[in-house]
Amino acid sequence: LQHVHKQNIIDSSRELKEVYLNLIISFFAVSMIDLFIPVYLLQLGYSLFEAALFWLVFLLFIAFTYPFSAKLAEKIGVKHTILLSARLLIIFYLSMYSLSCNSFPILLLAVLLGIAKGIYWMPLEIDFIANSHKRKRGKEVSYSQVFPRLGRILGPIIGAAILVSFGFQSLFLFVVV
């Protein structure tokens, strides 16, 4: 039975494997840091209200951006939209890294994070549908749900270890890499 599951993953298209890998890496990296961003903001002296407002603005911009992500993917391509999202996330995490030295408006950073995450999901789902196999789609969807969850479980544990051992700046840099 284990061989059958491994064989099904091996038989998946190269493109679908890229989707799986993208999901695993992004879930792992993001889960290493996202849980700790409110703590980081509080540690920098922002109030609880400001940290909560950061998350509210972030969530609103995900909701606002998500419907436009399909149009963006149609215009510049699915992979380019996913790459744009990754670049925006890198800018966000590097900005958070230097937030203790520079005073970026945190609500602008929340907007940046919301846009980055808002334009990520729709193109990834389009890429998944385009590269999945109609007869195997149920199994492929389950893989796309299970594998990233493993990264999401391990991410906060490893993120906490890095945070405790080396601090927030090291964690931000580790996530960017």
Side-chain angles (χ1 to χ4, degrees), residues 18-19 21-128 148-177:
E18 287 178 10
V19 172
L21 188 60
N22 185 310
L23 283 167
I24 292 167
I25 291 170
S26 64
F27 268 68
F28 176 71
V30 167
S31 70
M32 286 179 64
I33 190 70
D34 277 0
L35 179 67
F36 304 110
I37 287 176
V39 175
Y40 180 62
L41 292 174
L42 293 172
Q43 184 182 8
L44 291 177
Y46 291 96
S47 70
L48 185 59
F49 175 77
E50 290 169 314
L53 188 59
F54 173 91
W55 283 107
L56 178 64
V57 169
F58 157 65
L59 293 172
L60 287 172
F61 267 84
I62 284 179
F64 176 74
T65 307
Y66 190 77
F68 299 105
S69 63
K71 286 283 187 197
L72 183 62
E74 181 180 24
K75 186 172 181 120
I76 67 172
V78 170
K79 290 189 180 193
H80 286 103
T81 305
I82 293 170
L83 286 173
L84 175 61
S85 171
R87 288 182 181 126
L88 292 175
L89 278 175
I90 289 170
I91 292 168
F92 169 77
Y93 289 123
L94 290 175
S95 299
M96 291 297 284
Y97 168 83
S98 63
L99 192 57
S100 62
C101 303
N102 301 311
S103 58
F104 295 112
I106 63 166
L107 294 183
L108 183 61
L109 293 177
V111 169
L112 179 62
L113 182 60
I115 292 170
K117 290 194 176 189
I119 65 171
Y120 174 77
W121 286 108
M122 181 68 75
L124 190 74
E125 291 166 359
I126 292 168
D127 198 23
F128 178 82
R149 300 287 188 269
L150 296 175
R152 187 170 252 172
I153 291 167
L154 295 175
I157 296 167
I158 295 171
I162 293 170
L163 178 61
V164 169
S165 300
F166 304 106
F168 277 106
Q169 273 69 28
S170 296
L171 183 55
F172 283 119
L173 289 177
F174 188 83
V175 167
V176 166
V177 173

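Just so you know, these numbers come straight off a predicted model, no measurement behind them.
Checked against side-chain hydrogen bond (donor to acceptor under 3.5 Å, both in side chains), R149 has the following partners two or more places apart in sequence or in another chain: Q145. Considering only residues two or more places apart in sequence or on other chains, S170 meets the side-chain hydrogen bond (donor to acceptor under 3.5 Å, both in side chains) condition with none of them. For K79, the side chain to side chain contact (heavy atoms under 4.5 Å, CB included) test picks out E15, E18, D127, with sequence neighbours left out. Judged as a ring pair (Phe, Tyr, Trp, His ring centres under 6.0 Å), and not counting sequence neighbours, the contacts of F168 are Y40. Not counting sequence neighbours, Y120 has no partner by the ring pair (Phe, Tyr, Trp, His ring centres under 6.0 Å) test. Applying the side-chain hydrogen bond (donor to acceptor under 3.5 Å, both in side chains) rule to Q43 yields no partners; only residues at least two apart in sequence or on another chain are considered.
Sorted by first and then second residue, the ring pair (Phe, Tyr, Trp, His ring centres under 6.0 Å) pairs with a member in residues 67-98 read F64-F68; sequence neighbours excluded. Pairs of residues two or more places apart, or lying in two chains, that qualify as side chain to side chain donor-acceptor pair (under 3.5 Å) and include a residue from residues 65-75 are Y66-E125. Within the structure, salt bridge (Lys or Arg N to Asp or Glu O under 4.0 Å) pairs that include any residue of residues 85-109 do not occur (at least two apart or interchain). Applying the side chain to side chain donor-acceptor pair (under 3.5 Å) rule to pairs touching residues 109-119 yields D34-K117, sequence neighbours excluded.
Using a 4.5 Å heavy-atom cutoff, the side chains of L154 and F28 are in contact. I119 is not listed as a side-chain neighbour of I82, based on a closest heavy-atom distance of 4.5 Å or more.
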Give the table of side-chain donor-acceptor pairs shorter than 3.5 Å for residues 101-116, with sequence neighbours excluded, one pair per line with atom names and distance.
none

Pairs under 3.5 angstrom only: tabulate donor-acceptor contacts from the side chains of residues 48-57 to other protein residues two or more places apart or in another chain.
{"unit_1": "E50", "atom_1": "OE1", "unit_2": "S47", "atom_2": "N", "d": "2.7"}
{"unit_1": "E50", "atom_1": "OE1", "unit_2": "S47", "atom_2": "OG", "d": "3.3"}

